[in-house]
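Notes to accompany the following structure.
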Amino acid sequence: MRTRQYSAYLYIAPIMAFFLVFLLYPLLYTFRISLFEWNGIDKTMNYIGLANYRVMFNDPVFWQSMRNFVTFAVLVVGIQMILGFLLAYSMRRPLKIFTAYKTIIFVPVILTPIVVSYVFTNLLAYNGGLLNESLRTIGLDFLAAKWLGDPRIALFSIVAITVWAGTGFSMSVYVSSMTSLPNEVLEASRIDGASRRQTMVKVVWPMLRDTHFSLTIIGAISALKIFDIIYLLTRGGPVHATEMPSTYMFNSAFVTYEQGYASAVAGVMILFAMTITIFQLRLSRGSAN
Amino acid sequence: MAKWKVTSAALIGMIALTACSNSNNDNGTNPSSSPMAKETASSSSSTSAEAKPVTIVYESWTPYKEDMDKIVAEYKTVHPEVTVDIRLHANFSEYLTAVKTAFASGDAPDLLAFDSPTSLANLKDQIEPIDEYAAKAWGDGWKDKFIHSTLADVSLDGKTMGIPMHISPGGLIWYNKTMLDEYGIVEPKTYDELKKASDTLRQHGKQPLLLGAKDSWIVIDTFQTILNDFAPGKQYDAYAKKIPFTDPDVVKAFDFWKKMFADKVFQDDAFSMTEYMDVYNAFIDTQAGAFESNGAWNLDIYANADLKAKVDATEWGVMPFPDLNGDGKAPPTLSTVGGYALSKSGKNKEAAFEFLKFMTTEKGLQIMMDHFLATPPTKDPVELTVALSPNAKANRDRIGEIVSQTAPVHRGIGNAKVAEKMYEVLSKVAYGKMNGADAAAEVQKTIDSAR
Amino acid sequence: MLIRRIEWFRHLVLLAIVCAFCIPLYELLKTSFERHGIHNYYDALTRIDLGRNLLNSTVVTVCTIVLVLLVTMPAAFAFSKMRFPLRNALFLMILLALMIPGIAIAVPVVQIVRSFDWFNKYWALVFPYTAILAPFGLVLAKGFMDQLPKEMQEAGLVDGCSVFQSFLRIYLPLTQPIAMIVTIFTFLGSWNEFLFAMIFMRKEKMQMVTTIPIKFQVDFVTNMPGLFAALVIIQLPLIVLYVLFQKHFKEGLTAGAVKS
């Protein structure tokens, strides 16, 4: 019954067309530039082969950015998904107040990075920021920290801000996925004597496996590309504490005028993302069987 | 259900497509598909631009839009056949993104700008030297029109790469005199005085010296000034590889930088604040701090319509950095390199230079100086048409006085990687993660590997 | 009794989370009213050519959404429910598109746009946006379709439908929830996009809504409250869309129940 359906190519032809024209060519262009030494402005470039890659793998800052990325991605994607799921599940009934709640939680997703960074720079300012001043008012002075200026906690502050700005997205995707589940599953408070919590964990969560998968792919890759918020909040500092592959790349393109090197970083980022995705694809296929 | 979806999608699509094509016809006066009717780069003949309509593109991050609009409007009265297309960006890196893309795709503007030895060194391949155009416009002795040091700042390999921007030295400290008077503090002339002032201010819940350390440029400005006090002239020799950067005086400067942070002379959490706007606002608006490390361009606070009330209600002062190493001499200020340049791939260089001339030495200069309140690069003085408050005038004069007392030295670091490394080690030293000797050694390593 | 206490507790926790989310939003609104109060909003509306920019952004965004849906839905169906050689490899390739940072493709895309002569035309943005956002929609739509059972298609085929008809009549209608999500996020991605909007739309009349903040930074160097008022205004359409989308959902919920 299930034979090869070559007509499928017609279905995917449009999206492949867009991909080939707008994305494959730029991808190849990027890889080509990565083999050169170029300041991005001159009319000529110097061919240097794989030298950019060699320098990159010997740069401790590059490895720092990768370490930061892994910490960041695992925390952000994990928290966003779990929190998003819990929120979507708790608000599965169509109450008016839930609509308001969901909108509020979604608004951060809409905001542009300029707004988010300015708001949090103000909120988290060491002196005069709402958070620290509130802590000082209730006597918890010792908790008033340099949220973005202390290398030990800056990364976690960024994680928290990103979670704030992104949970609305995963929540909304879970909301939409849950509508395709049979109603009895969502409404049941007892299935075969199981508690409500067990229903949620053992029944609903696994049924949304494909949604989890979509979200982890999108989440991991978005985390890799995230740039504006980090750059505006900390520039990747202090002292590289929040350096990400994207800020690292920006730096080489716009501060040190090394376009070839920046392209090499972009190339490595893409390859890394591909590896993560292949890995995730394997995992999901494995568990599906 | 499916039908509804498909038809509504098709309907939206149709409406959108008609909207798209209708608006496409709105572009320019001829709704033709001819590739000649383009606004971004002029395609008309390039020899004589007098009678034929010409479009010039000026792309930059400066001056302010309101000033640029005025300049363009004035130019229109003189040269009605020339259309000047202005592309202003919010900041330098956005400007750089745009022009880099433009260069690579063959869409370069006719006129551009640079702001430092770093950007000049990197943009030079795309810049047409103005020596010939200047000689044609002003005669062979044209160089005497300008203050010579400004020309030196915008020259590379003996060629003049652009018309200099106004003179606005860096390496100064501004202060809130009203606040200092309130706490009985006098303008500090030595580091000990500054430290005492800092302690007093902190006692009263105020921040001392505001530094937007999240921005690398102000950190480098500040440290270059410190270096010039401890090791006069030595850093420039080191960048030129004449002496090692690990010179003991340089190391002393790094150690002093560390001391300033340990002494809490800079504001708390300096590295999480940008100079513009965090520190700027903290200094002028919320007035959380008494001193601000900034340059002479800060004079534009008097032209800031938004904060006018606050600025007028306070007395401001400006001073050079105090004597830091105890030899009785204050460090010199830093002379800013900046210029407006002709693009090599522009198709209307004559017309472009004509506009450049107007903008930077004639009426345009007048308009810009009224806003920047700075010293023009031309030897002929420019009378401001705006009225200066007594405080503004006093500070403007003071800056002139400071500059004349010690010759300003070079601002900025030519090699981008050395500049980046400098900022990195300065951050580490400030956070106590590195000592002075290691910091100097790291910078030396980068100088060595730079071309 | 126990159930009601759990209910209360859940509502309390939910309220606490929502309040935590609110705090930065409150700070945003507070800033937009600083210094000049409601005058900031009035200024924002009159000083800049908001109407024109809104129109441009709307046209580009709507075109992009339509194109993305047209391109994504069939592909999602194919990747999810059909078998063909290289299926996984091709899917992975399209995912590649998700991984490419915008700046990296800026120059090549500019060259392409130039060769098609699309500068200062809507197509300069619609096509690149579709290329960038469609893979995103594809991942979401495919994931959603994966959850829809294959039995429906088989039942349809038994009834005499072709594969295409099973796509059009059975699966597509069920994709309403995910189509709405894809719409929302394509809207977001297109409305808030800045880099290409800055590079391609040079004429004032053609500029997008995202380039408005620049005008505030160049004109009013320190006018953050004004800037924020403008940004609040710019983001309002998205919030309205989301509220409508939620209302639509309530129908989706019941429709889903009827179907199963």
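- Rounded to the nearest 0.5 Å, atoms SG (C/C22) and CD1 (A/I105) are 9.0 Å apart.
- The parts of C/L15 that come within reach of chain A are both its backbone and its side chain, each placing non-hydrogen atoms under 4.5 angstrom from that chain.
- Atom CE in A/M274 sits 6.0 Å away from atom CG in C/L96 (nearest 0.5 Å).
- Listed options C/I94, C/I100, C/I112 were ranked by heavy-atom pairs under 4.5 angstrom with chain A; first place goes to C/I100.
- Proximity to chain C is absent for every atom of A/F31, based on heavy atoms less than 4.5 angstrom apart.
- Ranked by non-hydrogen atom pairs under 4.5 Å with chain A, the options C/F185, C/F144, C/F136 are led by C/F185.
- Proximity to chain C is limited to the side chain of A/I217, based on heavy atoms less than 4.5 angstrom apart.
- Both the backbone and the side chain of C/F164 come within contact range of chain A, judged by heavy atoms closer than 4.5 Å.
- Contact of the A/S90 side chain with the C/H11 side chain is not registered, since no non-hydrogen atoms from C-beta on lie closer than 4.5 Å.
- Both the backbone and the side chain of A/T103 come within contact range of chain C, with heavy atoms under 4.5 Å apart.
- Each of A/F272, A/F19, A/F120 has some count of heavy-atom pairs under 4.5 Å with chain C, and the biggest count is that of A/F19.
- Between C/I178 and A/S176 the shortest heavy-atom distance is CD1-OG, 3.8 Å.
- Annotation: the span from A/I15 atom CD1 to C/L90 atom CG amounts to 11.0 Å, rounded to 0.5 Å.
- Outside the 6.0 Å centre-distance limit, the rings of A/Y101 and C/F21 are not counted as a close aromatic pair.
- Checked against the 6.0 Å centroid threshold, C/F84 and A/Y6 do not count as a close aromatic pair.
- In this structure, no portion of C/V13 lies under 4.5 Å from any heavy atom of chain A.
- Contact annotation for A/T167: only side-chain heavy atoms (C-beta onward) come within less than 4.5 Å of a heavy atom of chain C.
- Between C/L28 and the options A/V107, A/L123, A/L111, A/N122, a side-chain contact (heavy atoms from CB on, under 4.5 Å) holds for only A/L111.
- Only the side chain of A/M249 comes within less than 4.5 Å of a heavy atom in chain C; its backbone stays farther off.
- In this structure, chain A has a heavy atom under 4.5 Å from the side chain of C/L188, while its backbone stays farther away.
- Using a 4.5 Å cut-off between heavy atoms, A/L208 contacts chain C through both its backbone and its side chain.
- The structure places OG1 of C/T72 at 12.5 Å from CD1 of A/I12, a figure rounded to the nearest 0.5 Å.
- Atom CD of residue A/Q5 and atom CE of residue C/M82 lie 4.0 Å apart, to the nearest 0.5 angstrom.
- Ranked by heavy-atom pairs under 4.5 Å with chain C, the first of A/L224, A/L215, A/V115, A/V116 is A/V115.
- Checking side-chain atoms of C/E27 against main-chain N and O of A/V119 turns up no donor-acceptor pair under 3.5 Å.
- Considering only heavy atoms from C-beta on, C/P128 stays 4.5 Å or farther from A/F18 through its side chain.
- For the pair C/I181/A/S172, a side-chain contact is recorded, criterion being any heavy-atom separation below 4.5 Å from C-beta on.
- Most heavy-atom pairs under 4.5 Å with chain C, from the set A/A220, A/A266, A/A262, A/S214: that is A/S214.
- A donor-acceptor contact closer than 3.5 angstrom links the side chains of A/Y25 and C/Q111.
- Between the side chains of C/Q147 and A/S177, no donor-acceptor pair is found at a separation under 3.5 Å.
- Contact between C/G143 and A/D210 at its shortest, heavy atoms only, is O-CB, 3.2 Å.
- Aromatic ring orientation, A/F22 versus C/F127: parallel (interplanar angle below 30°, classes split at 30° and 60°).
- Looking at A/I218, only its side chain comes within 4.5 Å of chain C, counting heavy atoms on both sides.
- Aromatic ring pairs are classed by plane angle as parallel below 30°, tilted from 30° to 60° and perpendicular above 60°; the pair A/Y11 and C/F77 is tilted.
- With respect to chain C, the highest number of heavy-atom pairs below 4.5 Å among A/I161, A/I104, A/L130 belongs to A/I104.
- Heavy-atom pairs under 4.5 Å with chain C were tallied for A/Y118, A/F227, A/F213; the largest tally goes to A/Y118.
- At a threshold of 4.5 Å between non-hydrogen side-chain atoms, the residues C/M99 and A/M269 do not count as touching.
- Chain A forms the most heavy-atom pairs under 4.5 Å with one residue out of C/I184, C/T31, C/I132, C/T130, and that residue is C/T130.
- Panel note: side chain A/K225, backbone C/L98; a donor-acceptor pair is recorded below 3.5 Å.
- Each of A/A8, A/P14, A/P113 has some count of heavy-atom pairs under 4.5 Å with chain C, and the biggest count is that of A/A8.
- Per-residue counts of heavy-atom pairs under 4.5 Å with chain A were compared for C/I23, C/L140, C/L86, C/L25; the largest is that of C/L25.
- Counting heavy-atom pairs under 4.5 Å between each of C/L14, C/I239, C/V68 and chain A puts C/L14 at the top.
- Interface remark: C/M93 contributes backbone and side-chain atoms alike to the contact with chain A (heavy atom separation under 4.5 Å).
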